Amino acid sequence: MASQGSQPSRLGLVLTGGGARAAYQIGVLRAIAEMLPPHARSPFPVVCGTSAGAINAAGLAMAATHFSTGIKRLEAVWGNLHTGQIYRSDLIGVLHNALRYFGSIVSSRMAGKPVSLLDNTPLRQLLACHLPFRGIRRSIHAGALHALGITAWGYASGQSVTFYQASPSVIPWKRAQRIGVPSRIGIQHLVASASIPFIFPAIRVNREYFGDGSMRQLAPLSPALHLGADRLLVIGVNEKKETDCERTKVTGYPPLAQIAGHVMNSIFVDSLDVDLERLQRINQTLSLIPGMQAGNGPALRMVDCMVITPSERIDELTQAYANSLPRPIRYFFRAAGAMGPKGSAMLSYVLFEAPFCQALIDLGYRDTLRRQDELFAFISERRE
């Protein structure tokens, strides 16, 4: 964590990936908006998002001059969401896409063509209707936004690429398997960042195909720091893991959905936990050795970080809303074992239905109010 010289304190917001689980972030942000004056600017001059968190991040960046307006716009979308607005859920669409997917496995004719289990073409239309991308540039010019970063994974380069739109003072960076590239953020960046592997197709941006930004994201906190943040608020979408894991006797082979759920959890969760632990260790080391230098490079600096995660198990919450999915999708996921308790982890990432999303928004709102004093003090903190 290197210092870039004397500069005003900047609070960075990191929104992680998690498909439909990202609705939880809206509840957290709504509670934060209520802590601020009605017409306040965004308290987050640096905003970074990955996967579905990238969509929320872009929505905030576009309305950085009026924070509460941006939150209301996002909540209106999530609170009225339907699966068909994210991916095709009609019978013909589901069957057609499934046949193309499995046909690509056995036929060379499909080689090189975008294939996936689900067709997320409707997502582009949803983003085009609700996200005014010109607002990003306006927010930067108004001084309400310093930088917006959207991370995606490059299939050809094997790099975690953060596309960013920012003030001229931000310079590109290059680290092991991760780079920052200046861009004019658009729909293609958001869809690419949210393209969960196998479930949604890879998206071409410039000269390369990209997938979900959470894949092999070794340092999910890093983009916000490169973009100028020196304090971080991280909103995760997975509850904290229990320290003790109860081991039970296995009675049968795990269904495909259960395996897929564990794969998704490893994509969306593990790297964040590791990076947070790394940050804590660096802070602890610096507190013991003031003025510590990184060789001949710049001085290391402490980075204050606050994390908000769900207080309840989202996997269990999913089961209560599984039947709200359209019938063709229910049949499709039932065949994969996703409609039962063992498949709830996978289902929670693709359950884009208003009742489930609203339940997550309400959970995020409640969790934030419980920590209202702590969070308000963190957001209001100023450095000399």
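Just so it is clear, the structure is predicted and the values come from calculations on it, not from any experiment.
Side-chain contact between L225 and L232: present, with at least one pair of heavy atoms (C-beta onward) separated by less than 4.5 Å. Contact annotation: the side chain of L81 approaches that of L126 to within less than 4.5 Å [non-hydrogen atoms, C-beta and beyond]. Side-chain contact between I32 and F376 is absent, with no heavy atoms from C-beta onward closer than 4.5 Å. Counting heavy atoms from C-beta outward, V307 and C305 have side chains that approach closer than 4.5 Å. V46 has its side chain out of reach of P223: every pair of non-hydrogen atoms, C-beta onward, lies at least 4.5 Å apart. L13 is listed as a side-chain neighbour of L29, based on a closest heavy-atom distance under 4.5 Å.
Defined by atom type and a distance below 3.5 Å, a donor-acceptor pair is present between the side-chain atoms of S348 and R21.
For the ring-ring contact (aromatic ring centres under 6.0 Å, His included) criterion with F210, the lone passing option out of F163, F200, W153 is F163.
By the side chain to side chain donor-acceptor pair (under 3.5 Å) test, Q372 is found to be paired with no residue, residues two or more places apart in sequence or in another chain being considered. Among residues two or more places apart in sequence or in another chain, the side chain to side chain donor-acceptor pair (under 3.5 Å) test is passed with Q159 by none. By the salt bridge (charged side-chain N to carboxylate O under 4.0 Å, His left out) test, R138 pairs with no residue at all, sequence neighbours left out. Scanning for ring pair (Phe, Tyr, Trp, His ring centres under 6.0 Å) contacts around H66 gives H39, with sequence neighbours left out. Applying the salt bridge (charged side-chain N to carboxylate O under 4.0 Å, His left out) criterion to D119, with sequence neighbours excluded, gives no partner residue. Legend: residues meeting side-chain contact (heavy atoms from CB on, under 4.5 Å) with A320, ordered by chain and number and at least two apart, are absent. Contacts of E34 classified as salt bridge (charged side-chain N to carboxylate O under 4.0 Å, His left out), with partners at least two apart in sequence or in another chain: none.
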Checklist entry - What do the steps show when you test T162 against T151 for side-chain hydrogen bond (donor to acceptor under 3.5 Å, both in side chains), and what is the final call? => result CA-CA 4 Å; T162 298; T151 300; 2.9 Å; yes

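Within 6.0 Å of the CZ atom in R327, the count of heavy atoms belonging to other residues, nucleotides or ligands does not exceed 12. Other residues, nucleotides and ligands contribute more than 12 heavy atoms inside 6.0 Å of the CZ atom of R366.
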Could you pull out all donor-acceptor pairs under 3.5 Å where a side-chain atom in residues 169-191 meets a protein atom, sequence neighbours excluded?
from : atom 1 : to   : atom 2 : distance (Å)
R178 : NH1    : S222 : OG     : 2.7
S183 : OG     : V181 : O      : 3.3
H189 : ND1    : G186 : N      : 3.0

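Each salt bridge (Lys or Arg N to Asp or Glu O under 4.0 Å) pair with one or both residues in residues 46-56, not counting sequence neighbours, would appear here, but there are none. Within the structure, side-chain hydrogen bond (donor to acceptor under 3.5 Å, both in side chains) contacts touching residues 192-208 (residues at least two apart or in different chains) are S157-E208. The stretch residues 72-89 participates, sequence neighbours left out, in these side-chain hydrogen bond (donor to acceptor under 3.5 Å, both in side chains) pairs: R30-E75, N56-W78, H82-E353, T83-E353, R88-D90.
The distance from the CG atom of L227 to the CG atom of L148 is 8.5 Å, given to the nearest 0.5 Å. In this structure, the separation between CD1 on I314 and OH on Y349 is 8.0 Å, given to the nearest 0.5 Å. Atom-to-atom distance recorded for D373:CG and F378:CZ is 15.5 Å, nearest 0.5 angstrom. Rounding to the nearest 0.5 Å gives a distance of 7.5 Å between CZ of R330 and CG of L325.
When hydrophobic residues (I, L, V, M, F, W, Y) are linked wherever their side-chain heavy atoms come within less than 4.5 Å, the members clustered with L369 are Y365.
The closest donor-acceptor contact from the side chain of Y24 to the backbone of T309 lies under 3.5 Å.
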